Participant: 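Please see the structure below; I have some questions.
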Amino acid sequence: MTTVPCTVLTIAGSDSGGGAGVQADLRTFFANGVHGLVAMTAVTVQNSLGVQGFTEIPADVVTAQIKAVAGDMGVHAAKTGMLATAEIIRAVAKTLDEVHIGRHTDTPFVVDPVAASMTGHALLREEALDAIRTELFPRATLITPNLDEVRLLTGIEVTDAATQRKAAEALLEFGSRWVLVKGGHMYDTETCVDLLYDGVELIELTGARIDTKNTHGGGDTMASAITSSLAKGSDVPTAVTRAKRFIERCVAEAYPLGAGVGPVSPFWRLAD
């Protein structure tokens, strides 16, 4: 008998260079043995040198995509990536309630608050950042900001373990069940330490710092790997620990592509 895999929904924008966004999500889902569903929020014009522009999808079309797949195929877990505008964020939040996805349901929901470029510049207007804080975070099982996004969302500049914990505490006040403050952008540290926190349990996940500039799509890939494990029934600490190992290998296997920053690679899963 054919086994039907778990389904995982990504609500995110595309990457014409194939390294991040929906493209990274789908190949991570495949590498982790789940079936990827998509609600596209924006079409970007980008390559290894950065984003040159984007066109958002109308909010009603985004929500129609969510309802179409959730109503027919079912969703075992969901994640967000680039949501582009406050209007889309509010519409997505309302629709997730309607299809019973989020922390107060049986379907885990991971928010990767894509709010900063690779250079740390804001990608979203303040009203959209506020919508992430007030609409998405309270519905999230887990949020996964990098340090630039932490700064934009909380105003806290993370430079060491103490400020990383302070950031985790501040982020948790927005209402998610768990917070993962990723430490990859603390470039002066010898290791990459991610901090997972739920208000009671504080878990430090330490990994190797790989000597490569090719990290495009790393955040998307890690969030997608976490969501894949949650879909299969793992608890949050287990899912994050597995995803940490997965992304370390993807960064180690990253390849140069184009004149700028190349993508992290899950292709090692095929070789193994």
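No experiment lies behind these values; they were computed from the predicted model shown.
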Participant: As an exercise, state the distance from OG1 of Thr63 to CD1 of Ile88, rounded to the nearest 0.5 Å.
Facilitator: 10.0 Å
Participant: Do side-chain atoms of Ser176 reach the backbone of Leu172 as a donor and acceptor pair under 3.5 angstrom?
Facilitator: no
Participant: Looking only at side chains, do Thr238 and Asp235 share a donor and an acceptor under 3.5 Å apart?
Facilitator: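 Judged by distance alone, the side chains do pair up.
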Participant: Run the side chain to side chain contact (heavy atoms under 4.5 Å, CB included) test on Leu9 and Val69 for me, step by step, so that the C-alpha distance in whole Å, both residues' side-chain angles and the decisive distance to 0.1 Å come before the verdict.
Facilitator: CA-CA 8 Å; Leu9 170 64; Val69 296; 4.1 Å; yes
Participant: Between the side chain of Asn47 and the main-chain N/O of Leu49, is any donor-acceptor distance below 3.5 Å?
Facilitator: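 Yes; judged by distance alone, with no hydrogens or angles, the pair exists.
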Participant: Given 3.5 Å as the limit, does a donor-acceptor pair link the side chain of Ser14 with the main chain of Val22, or not?
Facilitator: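 Here the side-chain-to-backbone pair does not exist.
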Participant: Treat each ILVMFWY residue as a node, draw an edge where side-chain heavy atoms are under 4.5 Å apart, and state whether Leu136 and Val62 are in one component.
Facilitator: yes
Participant: Which pair of non-hydrogen atoms, one from Ala225 and one from Ala243, has the smallest distance, and what is that distance?
Facilitator: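 Of all heavy-atom pairs spanning Ala225 and Ala243, the closest is CB-CB, 3.7 Å.
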Participant: Say you draw a straight line from CZ of Arg103 to CZ of Arg139; how long is it, rounded to the nearest 0.5 Å?
Facilitator: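 These two atoms lie 11.5 Å from each other.
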Participant: Determine the sole option in Leu196, Asp194, Thr163, Leu147 for which the side-chain contact (heavy atoms from CB on, under 4.5 Å) test with Val181 is passed.
Facilitator: Leu147
Participant: Is it true that Phe109 and Ile143 fall in one hydrophobic cluster, defined by side-chain heavy atoms closer than 4.5 Å?
Facilitator: yes
Participant: Does some side-chain heavy atom of Cys250 sit less than 4.5 Å from a side-chain heavy atom of Thr221?
Facilitator: yes
Participant: Less than 4.0 angstrom from a charged side-chain N to a carboxylate O is my criterion; do Asp130 and Arg133 meet it?
Facilitator: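 Here Asp130 pairs with Arg133 in a salt bridge, since their nearest N and O are under 4.0 Å apart.
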Participant: May I ask you to decide if Asn214's main-chain N or O and Thr212's side chain share a donor-acceptor pair within less than 3.5 Å?
Facilitator: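 At least one qualifying donor-acceptor pair exists.
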Participant: Tell me whether Glu127 contacts the main-chain N or O of Ala86 through its side chain, where contact means a donor paired with an acceptor under 3.5 Å.
Facilitator: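 No; zero donor-acceptor contacts below 3.5 Å.
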Participant: With heavy-atom distances below 4.5 Å as the criterion, would you say the side chains of Thr191 and Arg209 are in contact?
Facilitator: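 Thr191 vs Arg209: side chains apart.
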Participant: Does Lys182 form a side chain to side chain contact (heavy atoms under 4.5 Å, CB included) with Asp112? I'd like the steps, not just the answer.
Facilitator: CA-CA 11 Å; Lys182 298 179 293 187; Asp112 182 16; 4.2 Å; yes
Participant: Yes or no on salt bridge (Lys or Arg N to Asp or Glu O under 4.0 Å) for Glu98 and Lys67, after CA distance, side-chain angles and deciding distance?
Facilitator: CA-CA 9 Å; Glu98 293 174 3; Lys67 291 177 183 178; 3.3 Å; yes
Participant: Evaluate the criterion side chain to side chain contact (heavy atoms under 4.5 Å, CB included) for residue pair Val34 and Lys232; output intermediate values, then yes/no.
Facilitator: CA-CA 8 Å; Val34 297; Lys232 293 178 175 181; 3.7 Å; yes
Participant: Quick one about His76 and Thr7 (side-chain donor to acceptor, distance below 3.5 Å, no hydrogens or angles considered), yes or no?
Facilitator: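 Yes - a donor-acceptor pair under 3.5 Å links their side chains.
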Participant: For Ile156 and Ala170, which heavy atoms make the closest approach, and how far apart are they?
Facilitator: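 In this case the closest contact between Ile156 and Ala170 is CD1-CB, 3.8 Å.
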Participant: Under 4.5 Å between any side-chain heavy atoms of Leu195 and Val179, yes or no?
Facilitator: no
Participant: For the hydrophobic clusters of this structure (ILVMFWY residues joined by side-chain heavy atoms under 4.5 Å, transitively), does one cluster hold both Ile226 and Ile247?
Facilitator: yes
Participant: Any non-hydrogen side-chain atom of Thr80 less than 4.5 Å from a side-chain atom of Thr10?
Facilitator: no
Participant: Got a donor-acceptor contact below 3.5 angstrom from the Thr105 side chain to the Gly102 backbone?
Facilitator: yes
Participant: Leu26 and Val43: same hydrophobic cluster, using ILVMFWY side-chain contacts below 4.5 Å?
Facilitator: yes
Participant: Tell me whether the rings of Phe137 and Phe174 are parallel (<30°), tilted (30 to 60°) or perpendicular (>60°).
Facilitator: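 Rings of Phe137 and Phe174: tilted, as their planes differ by 30° to 60°.
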Participant: Any carboxylate oxygen within less than 4.0 angstrom of a Lys/Arg side-chain nitrogen, looking at Glu253 and Arg269?
Facilitator: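 The answer is no: the pair does not qualify as a salt bridge.
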Participant: Using 0.5 Å steps for rounding, measure from the CD atom of Glu149 to the OG1 atom of Thr154.
Facilitator: 11.5 Å
Participant: Do the non-hydrogen side-chain atoms of Lys79 and Ile11 ever get within less than 4.5 Å of each other?
Facilitator: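 A side-chain contact is absent here, since even the closest heavy-atom pair is not under 4.5 Å.
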Participant: Determine whether Lys94 and Asp97 satisfy the following criterion, salt bridge (Lys or Arg N to Asp or Glu O under 4.0 Å), listing intermediate values before the conclusion.
Facilitator: CA-CA 5 Å; Lys94 180 176 181 292; Asp97 290 345; over 6 Å; no
Participant: Return the CZ to CG distance between Arg165 and Asp160, rounded to the nearest 0.5 Å.
Facilitator: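 Spacing of CZ (Arg165) from CG (Asp160) equals 13.0 Å.
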Participant: Using modelled atom types only, decide if a donor and an acceptor are shared between the side chain of Thr41 and the backbone of Ala12 within a distance under 3.5 Å.
Facilitator: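 Yes, Thr41 side chain to Ala12 backbone: donor-acceptor pair under 3.5 Å.
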Participant: For Leu37, does its backbone N or O pair with a side-chain atom of Gln65 as donor and acceptor, under 3.5 Å?
Facilitator: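 No, because the side chain of Gln65 does not come within donor-acceptor range (under 3.5 Å) of the backbone of Leu37.
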Participant: Between Thr144 and Val111, is any pair of side-chain heavy atoms under 4.5 Å apart?
Facilitator: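 Heavy-atom side-chain distance check fails, nothing below 4.5 Å.
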Participant: Is the shortest side-chain heavy-atom distance between Val150 and Leu171 below 4.5 Å?
Facilitator: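 Heavy-atom side-chain distance check passes, below 4.5 Å.
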Participant: Out of curiosity, Gln46 CD to Gln52 CD, how far, rounded to the nearest 0.5 Å?
Facilitator: 8.0 Å
Participant: Could you tell me which non-hydrogen atom of Arg27 sits nearest to which non-hydrogen atom of Val264, and how far apart they are?
Facilitator: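 Closest pair (atom of Arg27, atom of Val264, distance): NH2-O, 2.8 Å.
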Participant: Can you check whether Phe246 reaches Ser229 side chain to side chain, under 4.5 Å on heavy atoms?
Facilitator: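 With C-beta onward as the side chain, the pair stays apart.
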Participant: Quick one: do Arg177 and Asp198 make a salt bridge, cutoff under 4.0 Å?
Facilitator: no
Participant: How close do His35 and Pro5 get, counting heavy atoms only, and between which atoms?
Facilitator: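 Taking His35 first and Pro5 second, the nearest heavy atoms are CB-CG, 3.9 Å.
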Participant: Can you check whether Gly260's main-chain N or O pairs, donor with acceptor, with Lys213's side chain at less than 3.5 Å?
Facilitator: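 Checked: pair present.
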Participant: Hydrogens and angles aside, do Glu87 and Thr85 bring a side-chain donor and acceptor to less than 3.5 Å of each other?
Facilitator: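 There is no such pair between these side chains.
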Participant: Minimum heavy-atom separation for Phe54 to Ala84, with atom names?
Facilitator: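 Looking at all heavy atoms of both residues, the closest pair is CE1-CB, 4.0 Å.
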Participant: Passes side chain to side chain contact (heavy atoms under 4.5 Å, CB included), Ile66 versus Val99? Steps please.
Facilitator: CA-CA 8 Å; Ile66 296 170; Val99 299; 4.2 Å; yes
Participant: Going from CD on Glu126 to CG on Leu152, what distance comes out if it is rounded to the nearest 0.5 angstrom?
Facilitator: 8.5 Å
Participant: Looking only at heavy atoms, what is the nearest atom pair of Val38 and Met40, with distance?
Facilitator: CG1-N, 3.8 Å
Participant: Under a 3.5 Å distance rule, please check whether Arg242 uses its side chain to pair with a backbone N or O of Pro237 as donor and acceptor.
Facilitator: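 Between the backbone of Pro237 and the side chain of Arg242 there is no qualifying donor-acceptor contact (under 3.5 Å).
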Participant: Can you tell me if CD on Glu248 sees more than 12 non-hydrogen neighbours from other groups inside 6.0 Å?
Facilitator: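 Atom CD in Glu248 is crowded, with more than 12 foreign heavy atoms closer than 6.0 Å.
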Participant: Assess, by modelled atom type and distance only, whether the side chains of Thr44 and Asp15 contain a donor and an acceptor separated by less than 3.5 Å.
Facilitator: no
Participant: State whether a side-chain donor-acceptor pair under 3.5 Å links Ser228 with Asn32.
Facilitator: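 No pair is found: no donor N or O on one side chain lies under 3.5 Å from an acceptor on the other.
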Participant: Is there a continuous path of hydrophobic side-chain contacts, each under 4.5 Å between heavy atoms, that joins Trp178 to Ile101?
Facilitator: no
